[in-house]
Amino acid sequence: MLEKTYEPGAVEDRIAKAWVEADAFKAGAGAKPGAEPFTIVIPPPNVTGSLHIGHALNNTIQDILVRYNRMLGKDVLWQPGTDHAGIATQMIVERQLMERQLPSRREMGREKFLERVWEWKAESGGTIINQLKRLGASADWSRERFTMDEGLSDAVRKVFIELWKKGLIYRAKRLVNWHPVLETAISDLEVENIEVAGKMWHLSYPIENSTDNIVVATTRPETMLGDVAVAVHPDDPRYQALIGKYAVLPLIGRRIPIIADEYADPELGSGAVKITPAHDFNDFEVGQRHNLRPINVFTPSAHINASVPREYRGLDRFEARKKVLEDLEALGAVLWVEDKKIMVPHDEKTKQVVIEPFLTDQWFVNAEVLARPATEAVRAGRTKFVPQSWENTYFAWMENIKPWCISRQLWWGHQIPAWFGPRLSTDPEFGKLDAGPKIFVAETEAEAKKDAAAYYGRQVEVHTSGLGSTRFQKALADFEQIQRDRLNPTVWASRKAADPFAEMADSKVPLHRDEDVLDTWFSSALWPFSTLGWPANTPEVKRYYPTDVLVTGFDIIFFWVARMMMMGLEFMGKEPFHTVYVHALVRDEHGQKMSKTRGNVIDPLKLVDEYGADATRFTLAAMAAQGRDMRLAMSRVEGYRNFVTKLWNAARFLEMNGCVREASFDPHKLALPVNRWIVGATAKAVAEVAGKIEEYKFNEAANAAYDFVWGTYCDWYLELAKPVLTGDDAAEAAETRATAAFVLDQILKLLHPFMPFVTEELWGETGKTGPARENLLVLSAWPELAGLGDAGATAEMEWLIAAINGIRSVRTEMNVPAAAKIPLLIVGAGEETGIRVESQLQALMRLARLDKVDYGSDVPAGSAQIVLGEATFVLPLAGIIDIDAERVRLKREVAKEEVEMGKIEKKLANAQFVAKAPPEVIEEQRQRLADATTRRDKLLAALARLS
RNA sequence: GGGCGGUUAGCUCAGCGGUAGAGCAUCUCGUUUACACCGAGAGGGUCGGCGGUUCGAGACCGUCACCGCCCACCA
């Protein structure tokens, strides 16, 4: 017995367990023999994360695709897992240390700290996975992966090394976006430019040996400490005489050249621009063009460093700005200050920390080379974006792609498999400025040592990170010094004289592993194949790569999708998926992006608690229109919760009426029109829903299912079935019971991808009677109903529905009490109407609440009349209805028809229309005109009969 | 400064070349063999403005207005 109401809380847990026990989500579960694979990799949520509404949408869509394809009998793999999320995770654990007043990250050291992060991961890393399970996500949880798993780490190392060997990874001293609080490089994509009310200071720099000045402007005056030039446009007539001369940098006294560079825009400000290569991306390029050595004035925490006069050292960048301005003011070098809205780069996550361009040694991927095939794959249509408009975004970014800085100065992540050592004097780079250390990239330390030993021709000693990089730097410098000394016999002789061990000093080479880790997205980029076991040639790699669909939000097209495309093509030779479905962003009711800092987050788990996972999922699916963000309204969730209840009650109705499935049931052999009609309508709904899912139009699929179940099956079929079930024809009743049960089965399948819990529960409950179920619903086959449908039965039922609607409408308008049963007189009925009335008499009487139906030719005075085909349905309501009201009603109906007729007549009178419109459209219009005219005439006749 | 998207019923949103839709809200009715998380009925829109294409335009094109997002180095 079904409970009176559906209680999602209790049921969902039980159903979830049943699925797990049946291994229903395992790769290949329910697959037909010889089935083709269908693969989706989950966008791995941050291991630190908890489920937000975007995850809920993202995973609901994936689950709909996965469950649907599983029911089609494909060999389905939904590969789940989590991402180690370098920065976010490290920050969480660091915050935890602080809160518990434990030693800080640096105090405890790298090894201890990482142990702690792993502990934390073991404790809380499963949170989001459990939350996904609560949503009903049917991923193969037995295959859960983590981006820092051993296997995935192998893949990362392998890819790094291969790209290094191909020259697609390199190390360079470049300006990067630097996070001065975290003290690491961050991605361009993690920087958000925020407009703030700022100021622009116009500064005057004196010209050397002259009384002249040159005026420059800046929004960041503290950077002037690192100025190395002033640039003017080569054609700017105002400055021709100054090009090649020197300005004297105030406060510092440095002579800086006045250079000609087209970067300077004569239209802007004074036309002269200060050049600070270490602290501005444009200036860096100018500096390179003119061979200017950048002067970095910041420490990693954006305090002033030792390269400037003592009084500024140690100041925070904003304090330094103040002091620099004060001092410049004192010199009279500040000409004027302008209020200005300026774009300031902020850390995207907190939007608090101002990001600095900072000169550091970093690792880069030559993204330009990798982007070419990745762009081509989309151009050629081998990978398609849905909606397609996102392809433009993808192209725009890919075609302007910049080197990808992949190193991060963090501890939590994949440590870069590179070891640094000194250069030998025989090395062509030896002694060159900025040559950097000798780099050994290798799988393991042992291999790095082997390579190093080969290079140096002697043993090497690996300095562990515990040694600290300062000591290593010294060892490195000492080694190189000896190298240098050896090159000069005189120097070497005196050195040997001073130091008896000099000869031995470089017998051991100091080698040190790079302490940096890789950008989290580096490992995410490999996700579609690393999760399948690559670089090992596993059966899964062969079977499930390339995957089918990637379901994601647009915010990570650059971060992730583009990079998976690059890595997939480079290492697997095939694009990682044929379709990228880009879903909407879920916004709050005001259209704002949901975020913790805004405090406008709708917690999907609360929705699940309150309304059930099915209602939550269905809402998200129903609102997932392509190409548009969704604003989530609670009323929608409630409405779809009601839909779940409606389905539940329909099943209860069947149960109460003994509507049990029959093994021998054949939907092709039904006697009653109502049953023939509903199986046809079911087939149509199934085809519609399937088609919409395959087009990724989840909202239309959900709505089609909803309309069919509520609007057709519940509102009409079950109501029409009632008189048959209680009627005295046992055969008809039996057929109807079996049909009702059969259609419910199809409905459960149809809705299962959207509402897995309640449908599985009902599948189980309805399976307790009738033929035994072979499988859980999750593993059952998608309905095969092609070919069902009966035009005659459909026409008859549509006629019946129109008749009932017509009578109901009149009853309400004429204020006939709902409880009152009234007679119906049919006038002018032809043969077809007669047959239909006979066939549907019971249904008509019950649903229209009639007490008898007669045929006649006269219309009694004071009757309400409804035109239906060739017949007029007369409700003799003398004394009950208000004649004037009925006259008004009929006139309104006449007017409606005449408006319609007018429109069509105008169209048909238009020679252009008749000449150019397709014949079927013209025919349709003619038919509509004829119909409207008939209805109008009958209504006029009815009106005439009234008086 | 570029690019993208939006503007349709009171609210949240579908529809994107041939009869304006849904959910919620509103109004009326409701002794009915499931369901009041329900049933029946009703009201409510010149589809942002203007121009154009077309036999025909919420729908296609142009333009304007407002809203939102993404990208971008104005010192």
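Both backbone and side-chain heavy atoms feed into the values below; hydrogens, waters and symmetry mates do not. Chain letters run A, B, ... following the sequence lines, proteins first and then strands; every chain starts at 1.
- To the nearest whole angstrom, the two P atoms, one in B:G58 and one in B:G52, are 15 Å apart.
- Between B:G23 and B:U63, the distance separating the two C1' atoms is 35 Å to the nearest Å.
- Between A:Y706 and A:Y640, the ring centre distance stays below 6.0 Å.
- Screening A:T223, A:D280, A:D283 for a side chain to side chain donor-acceptor pair (under 3.5 Å) involving A:K274 leaves a single residue, A:T223.
- Contact of A:R636 with B:C24 (side chain to base): no donor-acceptor pair of N or O atoms is detected under 3.5 Å.
- The stretch residues 914-928 of chain A touches RNA chain B through A:K916, A:A917, A:P918, A:V921, A:Q925, A:R928, each having a heavy atom within less than 4.0 Å of the strand.
- In this structure, B:G39 forms a base pair with B:C29, meeting either the Watson-Crick or the G-U wobble geometry with both donor-acceptor distances under 3.5 Å.
- Under 4.0 Å is where a charged nitrogen must lie from a carboxylate oxygen, and between A:E719 and A:K722 at least one such pair does.
- In this structure, B:G68 shows a glycosidic angle more than 90 degrees from zero, which is the anti conformation.
- Within the 3.5 Å criterion, the main-chain N or O of A:F913 finds no donor-acceptor partner in the side chain of A:K916.
- Taking both residues in full, the closest heavy atoms of A:E222 and A:V324 are given as CA-CG2, 4.3 Å, listed atom of the first, atom of the second, then distance.
- Identified under the ring pair (Phe, Tyr, Trp, His ring centres under 6.0 Å) test for residues 260-284 of chain A, with sequence neighbours left out: A:H279-A:F298.
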